[in-house]
Amino acid sequence: MDAISALLDWIANPDHWSGPSGVPNRLVEHIELSALAMLLAIVIALPIGLAIGHTGRLALVAVAVANLGRAVPSYALLLMLFPFFGFGFSTALPALVLLAIPPMLTNTYTGIREVDRDLVEAGRGMGMSERKLLTAVEVPIALPVIMAGIRTAAVQVVATAGLAALVAGGGLGRFIVDGFGLQDDGQLLAGAILVAGLAILVERVLTIVEGRMVSPGVRATIGRVDEVQAQPLLTGSG
Amino acid sequence: MRTFRSAALGAIVLALSLGACTSGGSSPSAAASAGASGGATIASTLILAGPPECPQRPFCLKGLTDTYGLKFKEFKPTDAGGPITVSAIKGGQAQVGLLFTSDAAIAANNFVLLQDDKHLQLADNVVPVIRQAVLDKSPGIADILNGIVAKLSQAELTNLNKAVGVDKKSPADAAKAWLTTNGFLPGPGGSGKGNVVVGSTNFSEQEILGELFAQTLTANGFTVTKKFQLGNREIVYPALKSGQIDILAEYAATLLEFVNKGKGEATPDPQATVGKLRDALKPDGLTALNVAEATDQNGFVVTSETATKYGLTKLSDLAKPAP
């Protein structure tokens, strides 16, 4: 109960809602860091995932690298990167990008691979170019799986971006780390709730965005596909 | 309604991405800066790294401002004398860092520990604490342990910590090497001087100090039982009081405030603090021997390059005008 009243006191204090260390600015910092990390990770993971999914080449390597990426804890990564990148965003950003790549890469690759080969062959038979096959057949059908990867990555990134505070960065993690250091339960709890709330919000928003993007024909699966475990498909396309 | 909502969400997502592109790269300002800069002192050109609570703590940034009048260019919240602070100083992301005064990283990286010349920190000097009954039975123990304590300078203790923490020697080997170099080993030998139990809490400096005491007492004819890794002070102190252990290396100010339940009697003066400590320990049947020069308390360090560049040896040097 003490923690709850400490939390309410903390929230009620107007000092905590303005200035560079107030909630709005910390929220913006947190979103900036997460969004930039997601953007960079999408730029890296999606093209690779699409290429591997479409051609079936290098699948083993990509899956191995992606799964290796999952096994490295972000906290360890942060400590390893810190000496080279320094305080705050510059260290947290590469750590978050590396966190976001595996789920997007495996989902994109698996999503494309699992598109019915008959449909792809039908497209090819109609004279579609490889690029057209990818954009007009494979991606629209695989989109729910690809978006699920993006959602998973985004939630992980938002939840993990708080680690930036450990290396003197901003963001909502500041409240958690400072609250812990000052033994200020209210601040700690407020930070935890804000991070969790933001992660849930991002999940909901991306589900809605997904609903707008996915073709009506495959819409039944929206929000029901989660992160998939990638398995290299050893049988090539026929 | 649905169209509007989706459009709004799309706009938000777009705005966030754009915001991230334009401003995401810039580093965020620290949670608390050291305040307005007051003239171009050396401190005002340097960045301080310390634990997040540092700005509010009297023995950290708040004390540096109140006692030394220091205002830093910026404060960067890192960790409590841990790897991030060490890494930040080493990598030049911060120039001054808060570490513990006997931290092995100071010796390992040739950091310069700035002398606390205005006595901000409480005197957490190493001091052997012993049961009065044991001391009454074998008064010779006092001279033996005080002999070790007299040689235990700050640099010696830090180097001992480095031997264990960085060079990966066992506390027993590190202690043995130090005792041999300083002429405590081999001791006069003999046997039958009595049984004593030497304890330690659960960090390596404590084990090193326990080994120093145990090995020297053994070399002086005592039968020594070692009870190390006993947990924290909340566990070890009752064990000392009840006679489960006889001798323990302690830290004067922290132990005093532990025993007197935080009355605030500890001061930066080691002799005064240990005097108060003896009074406080008496009802529990314990006493403290001499204090060592070596401390394990908050200390501010810089790299040797920074020290040379600005001519820094003590904290008050940071208040001098910047070159």
Side-chain angles (χ1 to χ4, degrees), chain A residues 19-22 25-40 42 78-93 154 164-171 173-184 187 201-202 204-209 211-213, chain B residues 2-33 47-57 60-62 74-94 97-98 109:
Chain A
S21 51
N25 186 49
R26 292 294 180 218
L27 189 65
V28 169
E29 286 173 348
H30 201 100
I31 293 170
E32 279 175 2
L33 175 59
S34 306
L36 190 60
M38 279 303 292
L39 221 60
L40 287 175
I42 287 173
L78 204 65
L79 293 187
M80 273 166 14
L81 294 173
F82 176 71
F84 306 104
F85 290 90
F87 286 127
F89 273 26
S90 23
T91 292
L93 188 63
L166 291 173
V167 287
R174 205 56 279 147
F175 298 124
I176 299 177
V177 172
D178 290 356
F180 186 73
L182 291 164
Q183 298 178 353
D184 180 350
Q187 184 175 357
L201 184 73
V202 164
R204 294 317 304 156
V205 168
L206 287 178
T207 306
I208 293 165
V209 169
R212 300 295 299 170
M213 286 170 69
Chain B
R2 188 182 164 87
T3 325
F4 168 75
R5 220 167 51 187
S6 309
L9 283 167
I12 290 170
V13 171
L14 189 67
L16 292 181
S17 323
L18 288 174
C21 289
T22 51
S23 60
S26 67
S27 72
S29 61
S33 83
I47 295 174
L48 173 71
E53 66 273 22
C54 183
Q56 280 96 319
R57 289 288 189 259
C60 204
L61 182 53
K62 190 171 183 300
E74 205 175 343
F75 170 72
K76 289 286 191 183
T78 52
D79 54 4
I84 298 178
T85 307
V86 171
S87 185
I89 306 165
K90 229 161 80 176
Q93 282 115 11
L98 177 78
N109 298 298

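Every chain is numbered from 1, with letters handed out A, B, ... down the list of sequences.
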**OP:** Can you see which heavy atom on A/Gly181 is nearest to which on B/Arg57, and at what distance?
**Re:** O-NH2, 3.8 Å

Original post:
Under a 4.5 Å heavy-atom cutoff, which of B/Gly91, B/Gly92, B/Ser87 has the most pairs with chain A?
Top reply: B/Ser87

Original post:
Which one of A/Ala164, A/Pro83, A/Gly19 has the most heavy-atom pairs closer than 4.5 Å to chain B?
Top reply: A/Pro83

**OP:** For B/Thr85, enumerate each residue passing the side chain to side chain donor-acceptor pair (under 3.5 Å) test, keeping only those at least two apart in sequence or located in another chain.
**Re:** B/Thr78, B/Asp79

Original post:
By a 4.5 Å heavy-atom criterion (distance strictly below it), what part of A/Leu79 contacts chain B: side chain, backbone, both, or neither?
Top reply: side chain

**OP:** Grab the two heavy atoms, one from B/Ala88 and one from A/Phe87, that are nearest each other, plus how far apart they are.
**Re:** CB-CZ, 3.8 Å

Original post:
Going from CG on A/Asp184 to CD on B/Gln56, what distance comes out if it is rounded to the nearest 0.5 angstrom?
Top reply: 9.5 Å

Subject >> Contact class of B/Ala80 relative to chain A, heavy atoms under 4.5 angstrom >> reply: neither

